[in-house]
Amino acid sequence: MADRKVAVTGVGIICAAGSNVPDAWGSLQRGVTSIGPITAVDSSLIRFQNGAEVRNYDPFKYFEGSRADHLDRFAQFAVIAAREAVEDAGITFTPWLRENTAVVCGNGGGGQITQDSGYIDLYQRAKSRVHPLIVPRTMASGGVSHVTMEFGIHGPSYTVSTACSSSNHAIGQAFHMVRRGEVDLAITGGSEAPFAMGCLKAWEAMRVIAPDTCRPFCVDRRGMILGEGAGMMVLEPLDAARARGAKIYAELAGFGMSADAHHITQPTVEGPARAIRRAMGDANLAPEEIGYINAHGTATPGNDPAESAAIREVFGALADRFGVSSTKSMHGHALGAAGSIEAVVTIMALHDGILPPTANFTQADPACDLDYIPNAQRKVQAEAALSNSFAFGGLNAVLAFRASK
Amino acid sequence: MPDSAVEEKVIATLASVKRISTEQIKLDSSLQDLGVDSLDTFTLLFELESKFNISIPDDEARNIRTVGDIVKGVQRILDAGKDGSTLGSTTAPAS
């Protein structure tokens, strides 16, 4: 079967910026930062105080009876965003479609809040036993499993875990399956819920978290801000989507991957550049067609100059013709969910002709020489856009989207 | 502890685990009718062990069908004054 074009026909999101796409995208396109004091744990015990949490979250608003107790927060987020994406796409599942739908999601750490609570019982409270649902709540595949159960999906379904690139790798796998005709629909994205003391302490020890806020690409940036949430999308063959009169947000046109093979935390320029080139080649996109890049843009000392140099290396002088923003400045770094949230943002940017800014922007680092869309959105209808995700360990994944015509 | 206190505590624990009202729970209510699945059962047994300070063995709870079965089982363990032999976990998870 010849490769098929792949359309995005539904989107869903829950993150610090909002609990659905209209709220989150509305906030992000206006440059509103959702970073604030961490409430999930006693932050006086950690060296940083701010995070991008989903605030005022009540799982019982989304899950009936004891069902919420069966899902860790990361899996709840996956189901919530998937529900929005499926409803948005107007999918009616028939028995045939259920057999031919895939669910592929990214996740970095599994049910860390659940795992943490077990360790607190065991090691801090000196209890002799732990809660019986720790295993099903903690397993990193739990989000995908609950999404399949939510809709009764029987097709290929699995979780991809490549740290902060998890979601982009997951979306890429789902894209490949739809493009090759292995499935006729995919629900894909990712989720993460890292606001557990053990996890926050681990990040504290890495010395990469900013004490104040997230200022990607700025000379006075002090590191990343952790975030949480989920992003989901529905992928289907473009022709089939058109035939059923579906709303088409964008075309997912290409996907590129690479490995740095260099260092477990330090990035290279060549690795990300290779993934960007591969994504563009896969999408058959010319450099002139790119009108926006949603950057990985973590605001760490290492990432931002390396990512900027990678973009410069691929595009040369053409890189001055488009905007590059890091929306992590607003929704934080959602780790294994980052790519999914940012992919939805990139899709909405193409759909609405609005480029979201890099918030909290002060002055560019001299080592970062691109146009970072500082603090205010731009009304630009880009033809195509990239969404970058790079990870500790040098596993790079780039998605290429084309605006729907 | 008299039966009525055990009964009351078992029902309150089940209501809390299942997030339903105690009024919905009768002694002859079957766990199936209350929508208590295997995960809820694991949690229920865990909570009962904490509340009554007892240890419920793994291999005998397949007999639990109703709320009354649980109350009787807990009562027997308490009366025995030692780790019990009448309640245990339900079907083990597949993997």
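What you are looking at is a predicted structure, and each value in this text was computed from that prediction instead of being measured.
When side chains are defined from C-beta on, A:D69 does not count as touching B:T43, because their heavy atoms never get closer than 4.5 Å. B:F42 has its side chain out of reach of A:H131: every pair of non-hydrogen atoms, C-beta onward, lies at least 4.5 Å apart.
Note: B:D37 CG to A:R67 CZ = 10.5 Å, rounded to the nearest 0.5 Å. Note that NZ of A:K127 is 6.0 Å distant from OG of B:S50, once rounded to the nearest 0.5 Å.
Heavy-atom contacts from other residues, nucleotides or ligands closer than 6.0 Å to OH of A:Y119 number 12 or fewer. More than 12 heavy-atom neighbours from other residues, nucleotides or ligands sit within 6.0 angstrom of CD on A:E99. Around the CG atom of A:D58, the shell of radius 6.0 Å holds more than 12 heavy atoms that belong to other residues, nucleotides or ligands. Residue A:D42 places its CG atom among more than 12 non-hydrogen atoms of other residues, nucleotides or ligands, all under 6.0 Å distant.
Using a 4.5 Å heavy-atom cut-off against chain A, the contacting residues of residues 14-23 of chain B are B:V17, B:K18, B:R19.
Applying side-chain contact (heavy atoms from CB on, under 4.5 Å) to A:S66 and the options B:L39, B:D40, B:V36 leaves one that passes, B:D40.
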